[in-house]
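Accompanying notes for the structure given below.
In what follows, residues are counted from 1 in the order of the sequence shown. Side-chain atoms are counted along with the backbone in the values below, which use heavy atoms only and exclude waters and symmetry mates. Values in this document were obtained by computation on a predicted structure and should not be read as measured data.
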Amino acid sequence: MKKKMVSLLVAAALCGTMMAGCGSSGSSADSSATEAPAQAETQTEAPAEESSAEETQESEADASSGEQEILEFYHGYYQDESEWAAAQAMRDIYDAFAEQHADGPVTFKAIAVENRDDIVSAQVAGGSFPDLVDAGNAGISLAAIEQDLIYDLKPFIDERGLQDAVGLNYTQHDRDGHIYAVHDQIESRGLWYNASLFEKAGVSEDAFADWTTFGDAMEKIRALGDGSYGYIAGQGSCNIVNAIMATTEAGRGMIASDLTEETINSAEFAEAFKTAAQLDQANGSAHTTEDNGNLMADFNTNGTVGVLFNGVWNASAIDASLTDALEPTIFPGNVAIASAGGGLAVANGMSEAKTELALEFIEYMTSAEVQEKIFTEVQANPCNTTLDLDALAEASGDPATIKLARACSLVNGADIVVIDMSYSWGSDVSSAIINALMECAVSGTDIDARFEQLQKELIALIG
């Protein structure tokens with residue numbers, strides 16, 4: 001499968017195909033806090049051209065002559081503040097770092113782009129890598145690693161004692177003793193539910209005891225007959241598959257590894273998919289979407305849906321009128337989904353001064369000071385495990401931040417915490433599963449037959 005992944009990445013770059021968007025950043029409202037809102041306008045700065053050998057020599061000559069070098073940093077926070085306040089908060093963090101080093105030997109230049117995955121993919125296909133990039137959902141490609149294009153951050157983390165500062169990155173991003181990326185936020189997913197709607201339907205928190213009680217609760221909400229429905233299905237339903245597989249040791253092992261034919265044909269995968277499909281079919285195809293953002297207002301603003309599968313960052317999207325009603329929880333079985341995601345990656349082979357500044361930036365982004373801002377201003381789950389999120393939330397006095405702290409605590413303290421399978425299995429696999437689930441939501445669809453078709457599709461994908 002890994003060989004196929006490499007060839008697909010290179011082919012995608014050569015054809016100029018747009019890759020998936022965290023941070024994160026994609027267009028999905030179900031993406032990480034690094035992700036752009038679904039309706040974001042494009043404000044893309046032109047990507048830098050791939051560096052030739054001649055340009056590299058010129059850069060080295062400039063460095064030796066005392067001229068200031070430039071460290072280019074690509075990130076996905078291009079949205080206007082009025083559209084997405086978190087984007088401006090992140091840009092402010094970057095600008096503060098640039099100001100701190102304005103008089104140094106290297107200029108820090110943050111470049112906001114919508115298509116950073118395209119930029120990275122194209123450069124990797126040409127045998128190079130951006131100076132510094134906040135990798136999106138595509139993550140760090142095997143092609144870049146095999147070409148030795150990315151700096152190994154683990155020695156730096158160990159030397160500086162940053163294990164607690166980088167948190168989950170230290171284990172999830174470990175590749176045979178190497179760490180090629182550090183994400184300053186942890187993509188943390190669970191459930192949000194409307195407590196008022198639950199009470200109206202005669203449903204308690206016991207609904208989250210298991211997936212059977214969950215299904216029964218959704219039926220009671222639908223039975224209200226007032227236009228309310230159980231949950232936003234489709235993209236979110238992939239989380240059901242993820243969470244059900246996490247309840248067994250075998251399933252957890254499958255999620256954490258590359259997708260194989262054995263996993264595709266396993267009883268664990270079949271049970272997870274079919275359970276999600278049955279729930280979706282009962283929930284109704286009208287409440288299914290490939291992008292949660294299309295129906296988010298039903299939950300966060302209108303209060304007409306019982307449950308939303310989304311990240312902890314949803315706290316900032318809740319309408320003030322529903323602040324008291326909407327509550328966070330985690331998946332049945334005390335399961336949470338937490339992923340280091342993409343993250344900050346540094347190019348190999350830069351000058352000593354540029355590399356030093358890039359590493360200092362990673363230490364800066366994972367510092368307690370910056371991580372507090374990522375929690376209170378960006379409204380995301382910080383990677384630094386030393387922060388007291390409850391204390392920060394109480395000090396802020398902001399209702400959304402208090403809900404965010406509660407959601408983060410539930411995810412961080414879950415009995416079972418697993419990675420989002422889209423990172424280990426690939427976005428193409430996730431898309432195939434979502435499409436199959438959406439088809440199963442249509443009344444009368446033969447779920448068993450559609451699952452058999454999905455198995456064939458997935459086997460073809462992994463090669």
Side-chain angles (χ1 to χ4, degrees), residues 23-24 29-38 79 81-90 92-93 184-201 203-205 207-208 221 228 231-232 236 292-293 295-331 336-338 368-384 387-414:
S24 266
D30 188 52
S31 302
S32 78
T34 63
E35 305 301 304
Q79 301 79 13
E81 181 177 12
S82 62
E83 181 181 21
W84 193 36
Q88 184 61 56
M90 289 300 291
D92 289 345
I93 290 172
D184 48 57
Q185 303 162 32
I186 301 302
E187 299 176 16
S188 307
R189 288 179 172 81
L191 307 177
W192 291 85
Y193 69 98
N194 188 323
S196 295
L197 194 54
F198 269 42
E199 182 178 1
K200 184 178 179 182
V203 175
S204 70
E205 286 188 62
F208 304 111
I221 291 173
S228 300
Y231 63 96
I232 299 175
N292 268 4
L295 295 174
M296 288 274 278
D298 285 357
F299 183 81
N300 286 326
T301 306
N302 305 329
T304 56
V305 59
V307 171
L308 172 69
F309 300 100
N310 202 10
V312 298
W313 51 85
N314 190 68
S316 62
I318 297 172
D319 187 81
S321 65
L322 291 172
T323 299
D324 293 334
L326 305 187
E327 297 289 348
T329 188
I330 50 180
F331 298 99
I337 299 173
E369 179 183 2
V370 171
Q371 289 283 292
E372 286 183 12
K373 293 179 180 178
I374 284 175
F375 175 68
T376 58
E377 298 175 18
V378 182
Q379 297 279 292
N381 192 1
C383 68
N384 191 311
L387 302 183
D388 186 338
L389 302 185
D390 290 330
L392 290 172
E394 291 299 328
S396 75
D398 177 52
T401 305
I402 293 171
K403 295 270 177 163
L404 173 65
R406 191 180 307 163
C408 289
S409 296
L410 286 167
V411 170
N412 297 340

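- No side-chain heavy atom of Leu322 sits under 4.5 Å from any side-chain heavy atom of Thr301.
- Asp298 pairs by the side chain to side chain donor-acceptor pair (under 3.5 Å) definition with Tyr229, Asn302, not counting sequence neighbours.
- In this structure, the salt bridge (charged side-chain N to carboxylate O under 4.0 Å, His left out) partners of Lys200, at least two apart in sequence or on a different chain, are Asp226.
- Here side chain to side chain donor-acceptor pair (under 3.5 Å) pairs that include residues 390-402, with residues two or more places apart or in two chains, are Gln379-Thr401, Asp398-Thr401.
- Once rounded to the nearest 0.5 Å, the distance linking CG of Asn381 with SG of Cys408 reads 3.5 Å.
- Residues Leu308 and Asn314 have side chains in contact (heavy-atom distance under 4.5 Å, counting atoms from C-beta outward).
- A 4.5 Å side-chain heavy-atom check between Arg189 and Trp313 finds at least one atom pair inside the cut-off.
- Every residue meeting the ring pair (Phe, Tyr, Trp, His ring centres under 6.0 Å) condition with Tyr193, not counting sequence neighbours, appears here in chain and number order: Phe198, Phe208.
- For Tyr231, the ring pair (Phe, Tyr, Trp, His ring centres under 6.0 Å) test picks out Phe214, Phe309, with sequence neighbours left out.
- Scanning all heavy atoms of the two residues, the minimum distance from Asn194 to Phe299 falls at N-CE1, 3.9 Å.
- Under the side-chain hydrogen bond (donor to acceptor under 3.5 Å, both in side chains) test applied with Ser321, the options Thr323, Asp324, Asp319 reduce to a single match, Asp319.
- The CD atom of Gln88 sits 10.5 Å away from atom CD1 of Ile93, with the distance rounded to the nearest 0.5 Å.
- Taking each heavy atom of Ile221 and Leu197 in turn, the nearest pair found is CG2-CD2, 4.1 Å.
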For this session: Run the numbers on Trp192 and Asn300 for side chain to side chain contact (heavy atoms under 4.5 Å, CB included), then give the verdict.
Result: CA-CA 10 Å; Trp192 291 85; Asn300 286 326; over 6 Å; no
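- Taking every heavy atom of both residues into account, Ala400 and Ser316 meet most closely at CB-CA, 4.3 Å.
- Residues meeting the salt bridge (charged side-chain N to carboxylate O under 4.0 Å, His left out) test with Glu327, sequence neighbours left out: Lys403, Arg406.
- Rounded to the nearest 0.5 angstrom, Ile318 CD1 and Leu326 CG are separated by 4.5 Å.
- Under the 4.5 Å side-chain criterion, counting only non-hydrogen atoms from C-beta, Asp92 is not in contact with Lys373.
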Exercise. Passes side chain to side chain contact (heavy atoms under 4.5 Å, CB included), Asn310 versus Met296? Steps please.
Worked result: CA-CA 10 Å; Asn310 202 10; Met296 288 274 278; 3.4 Å; yes
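- Rounding to the nearest 0.5 angstrom, the gap separating the CG atom in Asp388 from the CD atom in Glu372 is 10.0 Å.
- At a threshold of 4.5 Å between non-hydrogen side-chain atoms, the residues Val312 and Ile186 do not count as touching.
- By the 4.5 Å heavy-atom criterion applied to side chains, Leu389 and Pro382 are counted as neighbours.
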For this session: For the pair Asp184 and Val370, evaluate side chain to side chain contact (heavy atoms under 4.5 Å, CB included) and give the outcome as yes or no after the intermediate values.
Result: CA-CA 9 Å; Asp184 48 57; Val370 171; over 6 Å; no
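- Looking only at distances, a side-chain donor or acceptor of Gln371 sits under 3.5 Å from a matching main-chain atom of Cys383.
- Across all non-hydrogen atoms, the minimal contact from Ala338 to Val411 is CB-CG1, 4.1 Å.
- Atom CD1 in Ile330 sits 11.5 Å away from atom OG in Ser188 (nearest 0.5 Å).
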